[in-house]
Amino acid sequence: MSEKRKPYPFDLFEPKWQSHWAENKTYRTPGPGEEGFDASKPKYYILDMFPYPSGAGLHVGHPEGYTATDIVGRYKRMNGFNVLHPMGWDAFGLPAEQYAIKTGTHPRITTEANTNNFRRQLQELGFGYDWDREINTTDPKYVRWTQWIFLQLYHSYFCDEDQKAKPVSELEAKGWSQKDIDEVRLAFIHEAPVNWSPSMGTVLANEEVEEWKKKGETVERRPLRQWMLRITKYAQRLIDELEPLDWPESIKALQRNWIGRSEGAEVTFDVEGNDVTVFTTRPDTLFGATYMVLAPEHPLLDELDVGDDFDDDIIKYQESCANKSDMERGLDKEKTGVFTGAFATNPVNGEKIPVWIADYVMMGYGSGAIMAVPAHDSRDFEFAEKFGLPILQVVQPNGDHDWQGYTDSGTATNSGFLDGLKTKDAKKKIIHWLVENEKGEKKIQFKLRDWLFSRQRYWGEPFPLLWDKETGQHSAVPESELPLLQPEMEDFKPTGDPRGPLINCTDWINYSEKLQRETNTMPQWAGSCWYYLRYCDPDNTENFISPDAENYWGNDDGFVDFYVGGKEHAVLHLLYSRFWHKVLNDLGHVKSSEPFKKYFAPGLIMGEDGQKMSKSLGNVVNPDDVVELYGADSLRLYEMFMGPLDQDKPWAMKGVEGVHRFLAKVWRVAFLEESEGGWVSSGKIVEGENADLAKVTHQTIKRVEEAINTLRFNTGISAMMECTNAYTAAGEIPRDLFLTFLKLLSPFAPHLVEEINATLGETELVSEQAWPVLDESLLVESEIQLIVQVNGKLRARMTVPADISKEDAEARALADPNVTTHTDGKTVRKVIVVPRKLVNIVAN
RNA sequence: GCCUCCGUGGCGGAAUUGGUAGACGCUGUGGAUUUAAAAUCCAUUGAUCCUAGAUCGUGCGGGUUCGAUUCCCGCCGGAGGUACCA
């Protein structure tokens, strides 16, 4: 019966305000052309990564970033901005499909239930989203434009000369054949070994393999025809255009690393009458190449005529490698390989060197062939040692290092015309020589690979493409037929057919006598590649975004002003979005070339035990439980008070109690508890003035503003706690100061603030009022404290007039008894006076 | 191995153009209020010397400086990313 007494009645007023906001559309943000739009205001577009609405519901990690953006968004609103702060659902995805396979429940049903639950949870946290702009990637009205954008890629190629995408119609006009156009299309079909998951019945992108393997799925290599997107053409731009963005350096580094740019040279060797090109970052070591290694899959191996004995070895070795993924190859640290029986001719000196195959050379990087310089490459060194291949020094190390296995730069030696040159200069000279002699050229190589874009799933956007049954040529579905939705199905089981589950829907597949539909679907990334654009104009039926909306809400130097979301998406999602945005930019559909001007990644919230939250560890905190016990404001405030936003930090329920107590303290400034448990006016809010409280309040304005601008919310909350402590101690608080304070707190704890504000008789919502203006004059101190150090050690504090002269400060410091005890018997060598800070006396 | 970041009380963390280390909160201890509890309030809470006051103290070792948590060099430890990428 005796329910735990609530320190303030959040359970009554939080739902009340949430309904009020929803009914009055308090956070509705009209855009250009919409009723109530005020074009005179500046705009601010602040965006959260939209969630995948899983069956498990919201995790306490979600509200971390969402609260941060909510605070910044509310702050900007109060400062006169039109703030676009939307929310939606990245709702395609495997879990709903797998649930469908198990239960027969259509993914659309599951998805709807999950989004409803997520929406409820977010609304119960009081976030100021404009729910009229809600989007869902599975909504046919959204799918239509995802497919439309895909067709823009399909109809484009990358022009190397201008470094941008252009319509393939330009090539058609020049008389290019379809076959040649397909060689350059941004969306193209390609047969290659891919990661096929028998357990899931789909292929996966390289980037996804490890994630699913961890979850227990099986993945194997298998050659299949797949749709790819030619992201590699954008590699250089994706690096260069990252530079000016306001992103954390660590995230930029992650992307650069992933794109993996290497400068070097291509060198052509003759192998038994065939040209074989290798890529090397150290062309200066060409004289030290003592053998060549081909990847086991290298096409040359089929051409070579080396005799049956060698052929057998080669085939045996190829078979042993074929079953291993790149990842597994990496795990076998022990070098393996076989001699092919063939020899290559080193172009620079005519040396005959043996050609080997080994799986430490990958077909997917460079040309799938290397010149091995064992003296100056650790892998080649290891291989040469194991197989007794010659090791020839061609670099004289800087400093006192052993030349064997020395991989840094130095001075060329045993290298003919390069001898004596520093590595840097030797590189230049040898490249010049290679070009002159038509044996190679300078080359920039990237690790980034083209994006495997097709999946064999039901719950994804179907490709709006058709195949001619006779010619085998593909073509696009007319735009008027978009969206192209999946057919209704009862049975979602994988067929084992690598064309995916849609292959069973014969009615759907057969488009006409001649034409058949593509049965692959797009990966989950597709919808999240462009959703930030759709929020600006979510109901547009003519265009994916109107030029007016694009123009008003976007920036030229990065569309979204501020993007917040987990760093687990730092590489893939952010890279894919940037790629699509650049294509849309190249084709003239958007003005900016980058989607996100500023980006920030909140840290992970760990379990109370300091470990990552997981069901198996039983340390997961459910936001619903926290809201039930302490209210939404407490949850919001706690997540911001835990520590720096970008840092990983452990959950502590005691900490929630702490901020809960703080909010109760604010409540009790305005209210007094009756013996019956009700609340009446405290009578402490009065008309009047109080210079001390005015000073504290204005200091708090300053500190909270700084905290919001630098995303260090924890320090802003500390400031508000100190301010509240001052109010509590004061007894009576001037009404205008308290109302000012409420404005400061409102972005953090909007429910509590609106409730107090309304009860005080104010009629306008705090969130719709202007942010307080700092009065610097109130912060001016007439007296300040100076500290006095002797030899850098604190010895005394003195209260002095704020405008004290250096001379007076020095004189008073030297006379201070706490100072003289430490200077007596010593000679004062020097006195440093830092105005308004300290006096340091150097004496010995 | 490489890239990026981090290391401050019992805990989360404050303190940046180098200037009082430990703000704010949690925990602990003592007290007030209460029939009791909840809630609330007050004091105290880096270590050592066991009062004063002093000494030590921001991972370790150096350096620059009147002065270093902050800047520089070299280590140690941790987190994340990536990895036979030629």
Side-chain angles (χ1 to χ4, degrees), chain A residues 2-8 248-258 260-262 264 278-282 285 293 326-327 329-335 358-362 364-373 377-380 382-383 407 445-449 567-568 570-571 603-604 610 638 641-644 646-659 661-662 664-665 668 673 677 703 712 714-722 725 728-729 785-797 818 821 829-832 834 836-843:
Chain A
S2 67
E3 189 186 319
K4 192 177 156 187
R5 183 70 170 282
K6 297 203 162 47
Y8 69 95
E249 179 51 37
S250 60
I251 303 293
K252 287 187 184 180
L254 238 49
Q255 290 224 346
R256 273 189 226 108
N257 206 305
W258 188 260
R261 183 181 191 275
S262 302
V278 304
F279 173 71
T280 174
T281 54
R282 291 298 297 274
T285 62
V293 185
D326 287 1
M327 192 60 70
R329 283 194 192 182
L331 293 176
D332 299 332
K333 284 291 169 197
E334 182 73 9
K335 296 271 182 297
D359 68 359
Y360 80 93
V361 174
M362 309 290 158
Y365 183 76
S367 58
I370 63 158
M371 63 179 213
V373 184
D377 179 283
S378 53
R379 295 146 303 177
D380 298 343
E382 203 187 312
F383 192 82
T407 56
Q445 186 68 46
F446 296 94
K447 276 198 274 184
L448 184 69
R449 313 216 187 154
K567 56 174 166 274
E568 66 272 22
V571 176
L604 222 55
Y638 173 63
F641 188 60
M642 289 174 85
D646 58 347
Q647 203 165 292
D648 295 345
K649 43 212 175 264
W651 187 267
M653 213 47 113
K654 285 285 184 189
V656 186
E657 283 180 31
V659 293
R661 265 201 284 274
F662 159 64
K665 217 163 169 174
R668 284 198 313 275
E673 193 172 14
R703 290 172 69 187
R712 294 187 322 194
N714 50 334
T715 61
I717 295 167
S718 295
M720 289 188 284
M721 286 174 167
E722 288 178 51
N725 289 341
T728 303
Q785 199 181 59
L786 277 191
I787 60 148
V788 186
Q789 297 177 332
V790 178
N791 293 330
K793 278 184 186 150
L794 175 67
R795 295 301 177 188
R797 298 180 168 87
N818 288 327
T821 53
R829 302 286 175 193
K830 198 173 177 183
V831 179
I832 291 117
V834 182
R836 303 183 67 85
K837 294 265 182 188
L838 56 67
V839 180
N840 188 16
I841 298 158
V842 186

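Letters A, B, ... are given to chains in the order of the sequence lines, protein chains preceding strands, and every chain is numbered from 1.
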| query | Side chains of V842(A) and V831(A): closer than 4.5 Å at any heavy-atom pair? | reply | no
| field | Pairing partner (Watson-Crick or G-U wobble, both distances under 3.5 angstrom) of G19(B) | value | C66(B)
| field | Paired nucleotide for G25(B) [Watson-Crick or G-U wobble; both distances under 3.5 Å] | value | C11(B)
| query | When you check the phosphate oxygens OP1 and OP2 of G13(B), does a side-chain N or O of R712(A) lie under 4.0 Å from one of them? | reply | no
| field | Separation between the P atoms of C71(B) and G18(B), rounded to whole Å | value | 8 Å
| task | Rounded off to whole Å, could you give me the OH-to-C1' distance for the Y638(A) and C11(B) pair? | result | 10 Å
| request: Give the C-alpha distance, both sets of side-chain angles, the deciding distance and a yes or no for side-chain contact (heavy atoms from CB on, under 4.5 Å) between M642(A) and W651(A). | output: CA-CA 8 Å; M642(A) 289 174 85; W651(A) 187 267; 4.3 Å; yes
| Worked check of side-chain contact (heavy atoms from CB on, under 4.5 Å) between V659(A) and M721(A) | CA-CA 9 Å; V659(A) 293; M721(A) 286 174 167; 4.1 Å; yes
| Separation between the C1' atoms of G57(B) and G46(B), rounded to whole Å | 8 Å
| task | Write down the distance separating the C1' atoms in C76(B) and G61(B), rounded off to the nearest Å. | result | 10 Å
| message | Classify S262(A) by what it touches in the nucleic acid, base, sugar-phosphate, or nothing, heavy-atom distance under 4.0 Å. | response | sugar-phosphate
| task | Quick one: look up who G1(B) pairs with, Watson-Crick or G-U, both distances under 3.5 Å, and put none if it's unpaired. | result | U82(B)
| Out of C66(B), A79(B), A39(B), which has the shortest distance to the side chain of V842(A)? | C66(B)
| task | Classify the glycosidic conformation of G9(B) as syn or anti, calling it syn when the angle lies within 90° of 0. | result | syn
| In Å, rounded to the nearest 0.5 Å, how long is the span from CZ of R795(A) to CD1 of I787(A)? | 12.0 Å
| Euclidean distance, atom CG of residue N818(A) to atom C1' of A52(B) [Å, nearest integer] | 13 Å
| In whole Å, what is the span from the CZ atom of R261(A) to the C1' atom of C3(B)? | 17 Å
Can you pull every protein N or O that's under 3.5 Å from an N or O on nucleotides 55-58 of chain B?
residue	atom	partner	partner atom	Å
U55(B)	OP1	R795(A)	NH2	3.3
U55(B)	OP2	R795(A)	NH1	3.3

| G67(B) to C75(B) separation - P atoms, rounded to the nearest Å | 26 Å
| query | For A36(B), which nucleotide in any strand shown is its Watson-Crick or wobble partner with both distances under 3.5 Å? | reply | none
| field | Point-to-point distance, once rounded to the nearest 0.5 Å, from CE of M371(A) to OG1 of T285(A) | value | 3.5 Å
| request: Hey, could you give me the NZ/CD distance between K335(A) and E382(A), rounded to the nearest 0.5 Å? | output: 4.0 Å
| request: Measure from NZ on K252(A) to C1' on C5(B) and round the result to the nearest Å. | output: 16 Å
| note | Those residues at least two apart in sequence (or on a different chain) that pass ring-ring contact (aromatic ring centres under 6.0 Å, His included) with F383(A) are Y291(A), W356(A), Y360(A), F387(A)
| query | Touch check for P644(A), heavy atoms < 4.0 angstrom, all strands: base, sugar-phosphate only, or nothing? | reply | sugar-phosphate
| request: Assess the side chains of K665(A) and N725(A): does a donor N or O sit below 3.5 Å from an acceptor N or O? | output: yes
| request: Spell out protein contact along nucleotides 17-26 of chain B as letters: B when the base is contacted, S when just the sugar-phosphate is, - when no protein heavy atom is under 4.0 Å; keep the 5' to 3' order. | output: --BB--BBSS
| query | In whole Å, what is the span from the CH2 atom of W258(A) to the P atom of C3(B)? | reply | 19 Å
| field | Of D380(A) and L254(A), the one whose closest RNA chain B nucleotide lies more 5' | value | L254(A)
| Rounded distance in Å - CE (M642(A)) to P (C11(B)) | 16 Å
| request: Measure the distance from CD on E249(A) to P on C3(B) and round it to the nearest whole Å. | output: 13 Å
| note | In whole angstroms, the gap separating C1' of C5(B) from CG of N257(A) amounts to 14 Å
| message | What verdict does the side-chain contact (heavy atoms from CB on, under 4.5 Å) test give for D380(A) and I370(A), after you've listed the backbone C-alpha separation in whole Å, the side-chain angles of each residue and the deciding distance to 0.1 Å? | response | CA-CA 10 Å; D380(A) 298 343; I370(A) 63 158; 3.5 Å; yes
| query | Can any side-chain N or O of D648(A) pair as donor or acceptor with the backbone N or O of G603(A) at less than 3.5 Å? | reply | no
| Nearest-Å distance once atom C1' is located in both G25(B) and A15(B) | 16 Å
| Spacing of R668(A) atom CZ and R661(A) atom CZ [to the nearest 0.5 Å] | 10.0 Å
| Given the P atoms of G59(B) and G10(B), what is the spacing between them in whole Å? | 13 Å
| Expressed in whole Å, how much space separates the C1' atoms belonging to C56(B) and C50(B)? | 16 Å
| query | Using purine N1 to pyrimidine N3 plus N6-O4 or O6-N4 for Watson-Crick, or N1-O2 and O6-N3 for G-U wobble, each under 3.5 Å, what pairs with U55(B)? | reply | A47(B)
| query | Which is it for N257(A) and K447(A) under the side-chain contact (heavy atoms from CB on, under 4.5 Å) test, yes or no, and what are the steps along the way? | reply | CA-CA 9 Å; N257(A) 206 305; K447(A) 276 198 274 184; 3.9 Å; yes
| message | What's the gap between A14(B) and U65(B) when it is taken at their P atoms, as a whole Å value? | response | 31 Å
| said: Of the listed nucleotides (C3(B), C84(B), G12(B)), which one gets closest to any side-chain atom of K649(A)? | reply: G12(B)
